[in-house]
J.: 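Please find one structure pasted underneath; my questions will follow.
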2 protein chains.
Amino acid sequence: MVYNEKQMLNALHKHGYKVTPQRRVIIGVIMNSHEHLTPAALHERVLRLDPSVGLVTVYRTIEILTELGFICEMHAGGGSRSYLMRRPSEHHHHLICSDCGKVIDFTDCDLDKLEHRLAQENKFKIDSHLLEFLGQCRECNKKTLINVVTNQDKSVPSR
Amino acid sequence: MVYNEKQMLNALHKHGYKVTPQRRVIIGVIMNSHEHLTPAALHERVLRLDPSVGLVTVYRTIEILTELGFICEMHAGGGSRSYLMRRPSEHHHHLICSDCGKVIDFTDCDLDKLEHRLAQENKFKIDSHLLEFLGQCRECNKKTLINVVTNQDKSVPSR
DNA sequence: TTCTAATTGAAAAACATTTTCATTTGGCTT
DNA sequence: AAGCCAAATGAAAATGTTTTTCAATTAGAA
């Protein structure tokens, strides 16, 4: 299930948060982005629509939307640092291109059996899980192949 | 397979990195910690053994050890920020207590079928994956239960 | 022992995030 | 429609983390 803008604004209101112009703009940007955004990237886009919105407000709104479950943090695993921001959706996982950062969502993970076993063996009460696949998307893979052919493999010691 | 200290030092040498006293100490601390550490926590422990080692060197050593595959970053998911540092081991995943931060490793994940399907459907070349279960360990769960009984459930609006 | 590139610590810089605070404002109440 | 006030805002400062810079030191090959 994917939320729409109106539902999010309603939820804000219902939970006692005010529906301000700034929040409208921020939510609008999130809803119209089909990619993950860092707080800074989100702010940048918000500024195009309303140059007066401060980065702090973006952070505060992110916090609220996370709390309400409309957006979720994510991690680009591998080398890069923890990212956040995503258009709303239900329980899902990510398939991430470690070159260009493209993210594809998928929902089925079929980890119930494993979860159950781990919970028993370790006496854990398991609430949730995070599953991310890292790799290369088709386009980036093509580029890599071209580079391999073009340049010699000058295997430089990684420093 | 779990590495020992000597193997790590050898690997450093083999890859053209110098085996300095600082690196010895840092690796020693990692090898003797049975928990995950942030760079700051690692530095703190290193200081006890050698007060002259700088935080910068800790960061630089972390980078090298990550590159050589001896340690891996991890994410505590949920609220907290990206963590790092782990005693060496092979491909594994984490079961994390979101209350006390305890981490249990497990190695079997059985995601090959899913991985293969995702790769095909999305034209991805998948390199790796990250799987983390979040929950409450036995001890923290007990504490929670006691609290529920002790305090009334004063359901305060989460702000 | 000598030599040199790699390494180091300290300080500064670069970022990311949070806190503080005076001012403004959404939206309930009249 | 007007008043009110807690919530929200922007700017600046504070905090924290990670990276860069640089002069001095040092591991380890020759």
Side-chain angles (χ1 to χ4, degrees), chain A residues 8-27 29 36-44 46-47 49-68 71 73-76 78-85 156-159, chain B residues 6 8-27 29 36-47 49-68 71 73-76 78-85 156-159:
Chain A
M8 294 175 75
L9 296 174
N10 279 344
L12 273 189
H13 193 231
K14 185 184 295 182
H15 287 261
Y17 296 110
K18 292 183 178 171
V19 177
T20 66
Q22 292 89 335
R23 287 177 180 166
R24 282 175 190 277
V25 176
I26 294 171
I27 290 174
V29 169
H36 293 71
L37 300 171
T38 60
L42 175 54
H43 182 226
E44 193 206 319
V46 167
L47 284 185
L49 300 175
D50 181 347
S52 72
V53 178
L55 179 56
V56 211
T57 300
V58 170
Y59 272 103
R60 287 190 277 231
T61 306
I62 287 175
E63 195 184 331
I64 293 172
L65 295 181
T66 303
E67 178 197 323
L68 298 184
I71 62 179
E73 297 193 5
M74 58 157 297
H75 308 277
S80 32
R81 208 139 322 293
S82 77
Y83 285 175
L84 15 161
M85 289 284 66
V156 178
S158 57
R159 239 190 155 207
Chain B
K6 191 168 267 178
M8 293 176 75
L9 296 174
N10 279 344
L12 273 190
H13 193 229
K14 184 184 296 184
H15 286 261
Y17 296 110
K18 292 184 178 170
V19 177
T20 65
Q22 292 89 335
R23 287 178 180 166
R24 281 175 191 280
V25 176
I26 293 170
I27 289 174
V29 169
H36 292 72
L37 300 170
T38 61
L42 175 55
H43 183 226
E44 193 207 318
R45 295 185 188 205
V46 167
L47 283 185
L49 301 175
D50 180 346
S52 72
V53 178
L55 178 57
V56 210
T57 300
V58 171
Y59 272 103
R60 286 190 278 231
T61 306
I62 287 175
E63 195 184 329
I64 294 172
L65 294 180
T66 303
E67 179 196 321
L68 298 184
I71 62 179
E73 296 193 5
M74 59 156 299
H75 307 276
S80 33
R81 209 141 321 292
S82 77
Y83 285 175
L84 12 162
M85 288 286 70
V156 177
S158 57
R159 235 184 157 211

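In what follows, every chain begins at residue 1, and chains take the letters A, B, ... in the order their sequences are listed.
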J.: According to a strict under-4.0 Å criterion, is A:Gln22 in side-chain N/O contact with OP1 or OP2 of D:dG10?
T.: yes
J.: Classify the nucleic acid contact of A:Pro51 as base, sugar-phosphate or nothing, counting any heavy atom under 4.0 Å across all strands shown.
T.: nothing
J.: How long is the line joining NZ of A:Lys14 and C1' of C:dG26, in whole Å?
T.: 19 Å
J.: Answer yes or no: is there a side-chain heavy-atom contact under 4.5 Å between B:His15 and B:Ile64?
T.: no
J.: Establish, with yes or no, whether the OP1 or OP2 oxygen of C:dT7 is under 4.0 angstrom from a side-chain nitrogen or oxygen of B:Arg60.
T.: no
J.: For the pair made of CG in A:Asp50 and P in C:dT25, what is the distance, rounded to whole Å?
T.: 12 Å
J.: Separation of A:Ile64 atom CD1 from C:dT18 atom P, in whole Å?
T.: 13 Å
J.: Do the side chains of B:Thr61 and B:Gln22 get nearer than 4.5 Å, heavy atoms only?
T.: no
J.: Which nucleotide in the set D:dT9, D:dT18, C:dT17 lies at the smallest distance from any side-chain heavy atom of A:Tyr59?
T.: C:dT17
J.: Quick check for you: among D:dT26, C:dT8, D:dA8, whose closest atom lies nearest to any side-chain atom of B:Lys18?
T.: D:dT26
J.: Mapping B:Ala40 and B:Pro21 onto DNA chain D by nearest heavy atom, which one lands closer to the 5' end?
T.: B:Ala40
J.: What integer distance in Å separates B:Glu63:CD from D:dT18:P?
T.: 12 Å
J.: Nearest-Å distance, CG (A:Leu9) to P (C:dG26)?
T.: 14 Å
J.: Quick one: closest heavy-atom pair of A:Val58 and A:Pro39, and the distance?
T.: CG1-O, 3.8 Å
J.: So if I take every side-chain heavy atom of A:Val19 and compare against C:dG27, C:dT8, D:dG28, which nucleotide ends up nearest?
T.: C:dG27
J.: Do side-chain atoms of A:His43 reach the backbone of A:Tyr59 as a donor and acceptor pair under 3.5 angstrom?
T.: no
J.: Mind calculating the distance between CZ (A:Arg23) and P (C:dT25) to the nearest angstrom?
T.: 15 Å
J.: Looking only at side-chain N and O atoms, does B:His13 come under 4.0 Å of OP1 or OP2 in D:dA29?
T.: yes
J.: Check whether any side-chain heavy atom of A:Thr57 sits under 4.5 Å from a side-chain heavy atom of A:Val46, and report yes or no.
T.: no
J.: Return the nearest nucleotide to the side chain of B:Val56; candidates are C:dA11, C:dT17, C:dT19.
T.: C:dA11
J.: Just how far, in rounded Å, is P of C:dC15 from CG of A:Leu55?
T.: 14 Å
J.: Closer than 4.0 Å, any side-chain N/O of A:Thr20 to the OP1 or OP2 of D:dT9?
T.: yes
J.: Could you state the CZ-P distance from A:Arg24 to C:dT25, rounded to the nearest angstrom?
T.: 15 Å
